[in-house]
Amino acid sequence: MLNKSLEVFDVPVTGSRFETKDLETLKDLELLVNTIDQELVTRSELQLWVLVNYVVVCTGLGLLSLVANIINLFVFAKQGLDSSINISLFCTALSDLIKVVSIEWMAVCWNPYVHKLGAPVIFTDLLYLTAGWPTECAHKIAIFITAYITLERYLCIVTPLKIKDIITPSRTVGVIICIKCMCISYLVPEYAYVGYDWNFYPALNKTMLGMAFRQEARDLKGLTFLIQAILIVFGLISVGLFSFLLISELKKQSTWRKLHTNCEQVKKKRLSSRDRKSSVLIAV
């Protein structure tokens with residue numbers, strides 16, 4: 001039953017990858033088998049869905065994002081990396097670029113026709129460590145840098161005269177390095193537990209490169225997922241909190257200007273409109 005059902009994904013399941021002593025994993029596989037055996041979709045429908053969504057749509061959008069991020073990198077570099085905001089934006093664009101490249105590689109691995117090339121590789125296994133986790137890592141780096149940028153903008157409004165002393169280019173580089181080290185180090189347990197090895201698959205009568213689990217690092221199983229959940233929640237809360245503070249301060253500044261300025265009413269409306277647009281941009 002297991003072999004028959006998972007053939008829908010063109011995944012050989014009789015190799016050493018599934019000859020593990022992890023009973024919980026086997027139970028999960030049996031649950032997956034029971035779900036697949038209900039034949040919610042046919043094999044051709046599933047391949048068509050993967051081809052359209054992962055290969056065509058994701059690849060097309062990814063190429064556009066790739067070009068946009070490369071342009072952003074050149075623009076920020078041209079402006080000069082001597083200011084904290086340019087350094088932060090440059091590193092954000094770089095993280096997005098790495099994420100897009102990983103997603104493009106993931107789309108290649110998901111392509112149903114790649115499996116017909118005859119390469120001695122299980123591409124659905126290969127993308128796990130070479131595309132899946134690098135994408136998540138780059139995504140979290142971008143989130144925390146965004147939170148730092150939002151905090152910097154908030155401090156620019158609250159303490160405009162002291163901001164250059166509080167946030168300097170060297171401190172920004174140090175913060176970004178710490179963010180990258182934190183986001184990369186949490187992947188260590190997963191890469192210690194999961195690796196690649198040559199496994200023999202009797203169904204194909206081939207030895208192919210696929211995932212292998214290190215029993216000596218079995219205690220690290222699931223630790224990366226736990227840390228990832230904590231980081232993503234903390235990062236999103238930080239972005240939301242700093243954005244809320246920034247928008248509140250912008251509204252407060254706008255109200256103060258309306259009460260104390262002697263400018264014409266038209267200028268007041270222009271200032272108010274500018275603040276509203278800034279608030280919407282920050283929220284987005």
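For the numbers below, each heavy atom of this structure counts, side chains included, while hydrogens, waters and symmetry mates do not. We number each residue from 1, following the sequence as shown.
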- Query: Side chains of I184 and C137: closer than 4.5 Å at any heavy-atom pair?
  - Reply: yes

- Message: Is any side-chain heavy atom of V194 closer than 4.5 Å to one of W133?
- Response: no

- Item | Stepwise side chain to side chain contact (heavy atoms under 4.5 Å, CB included) check, K206 with F200 | CA-CA 6 Å; K206 290 182 179 180; F200 179 71; 5.8 Å; no

- Counting only heavy atoms not in F74, do more than 12 sit closer than 6.0 Å to its CZ atom? no

- Item | E190 CD to Q228 CD distance, which is reported to the nearest 0.5 Å | 9.5 Å

- Query: Closest approach of G62 and V100, non-hydrogen atoms and distance?
  - Reply: O-CG1, 3.2 Å

- Test side chain to side chain contact (heavy atoms under 4.5 Å, CB included) applied to I143 and V239, step by step: CA-CA 7 Å; I143 288 178; V239 172; 4.1 Å; yes

- Item | Evaluation steps, side chain to side chain contact (heavy atoms under 4.5 Å, CB included), between F123 and N111 | CA-CA 9 Å; F123 285 95; N111 192 333; over 6 Å; no

- Shortest non-hydrogen contact from R171 to I166? NH1-O, 2.7 Å

- Query: Hey, are the side chains of I122 and Y128 touching, using non-hydrogen atoms and a 4.5 Å cut-off?
  - Reply: no

- Hey, which of S84, S95, C91, C181 is the one that makes side-chain contact (heavy atoms from CB on, under 4.5 Å) with I176? C91

- A147 and F242 have their tightest heavy-atom pair at O-CD1, 3.3 Å

- Query: Are any non-hydrogen side-chain atoms of F244 and Y154 less than 4.5 angstrom apart?
  - Reply: no

- Message: Under the criterion side chain to side chain contact (heavy atoms under 4.5 Å, CB included), I'd like the reasoning laid out for W105 against L126: C-alpha separation, chi angles, the key distance, then a yes or no.
- Response: CA-CA 10 Å; W105 170 240; L126 189 62; 3.6 Å; yes

- Are side-chain heavy atoms of L97 and L66 found at a separation under 4.5 Å? yes

- Task: Working to the nearest 0.5 Å, report the span between CD1 of I179 and CZ of F144.
- Result: 7.5 Å

- Item | Nearest-0.5 Å distance that lies between atom CG in L241 and atom CZ in F234 | 9.5 Å

- On a heavy-atom basis, the closest approach of E249 and I157 is CG-CG2, 3.3 Å

- Query: Roughly how far, to the nearest 0.5 Å, is CG of D96 from CD1 of I70?
  - Reply: 12.5 Å

- Task: Please examine the side chains of E152 and I85, heavy atoms only from C-beta on, and report whether any two atoms are closer than 4.5 Å.
- Result: yes

- Heavy-atom closest pair, residues L129 and Y191: O-OH, 2.5 Å

- Query: Taking C-beta and beyond as the side chain, do E104 and L63 meet within less than 4.5 Å on heavy atoms?
  - Reply: yes

- Message: Please report the interatomic distance CD(Q79) to CZ(F90), rounded to the nearest 0.5 Å.
- Response: 12.0 Å

- Query: Looking only at heavy atoms, which two atoms of T150 and S243 are closest? And how far apart?
  - Reply: CG2-N, 3.5 Å

- When rounded to the nearest 0.5 Å, the distance separating OG of S88 from CD1 of I149 is 4.5 Å

- Query: Between H139 and I232, is any pair of side-chain heavy atoms under 4.5 Å apart?
  - Reply: yes

- Task: Describe, in one word, how the ring planes of Y193 and F213 are oriented to each other, choosing from parallel (under 30°), tilted (30 to 60°) and perpendicular (over 60°).
- Result: tilted

- Distance-only, no hydrogens or angles: does the T59 side chain make a donor-acceptor pair with backbone N or O of V56 under 3.5 Å? no

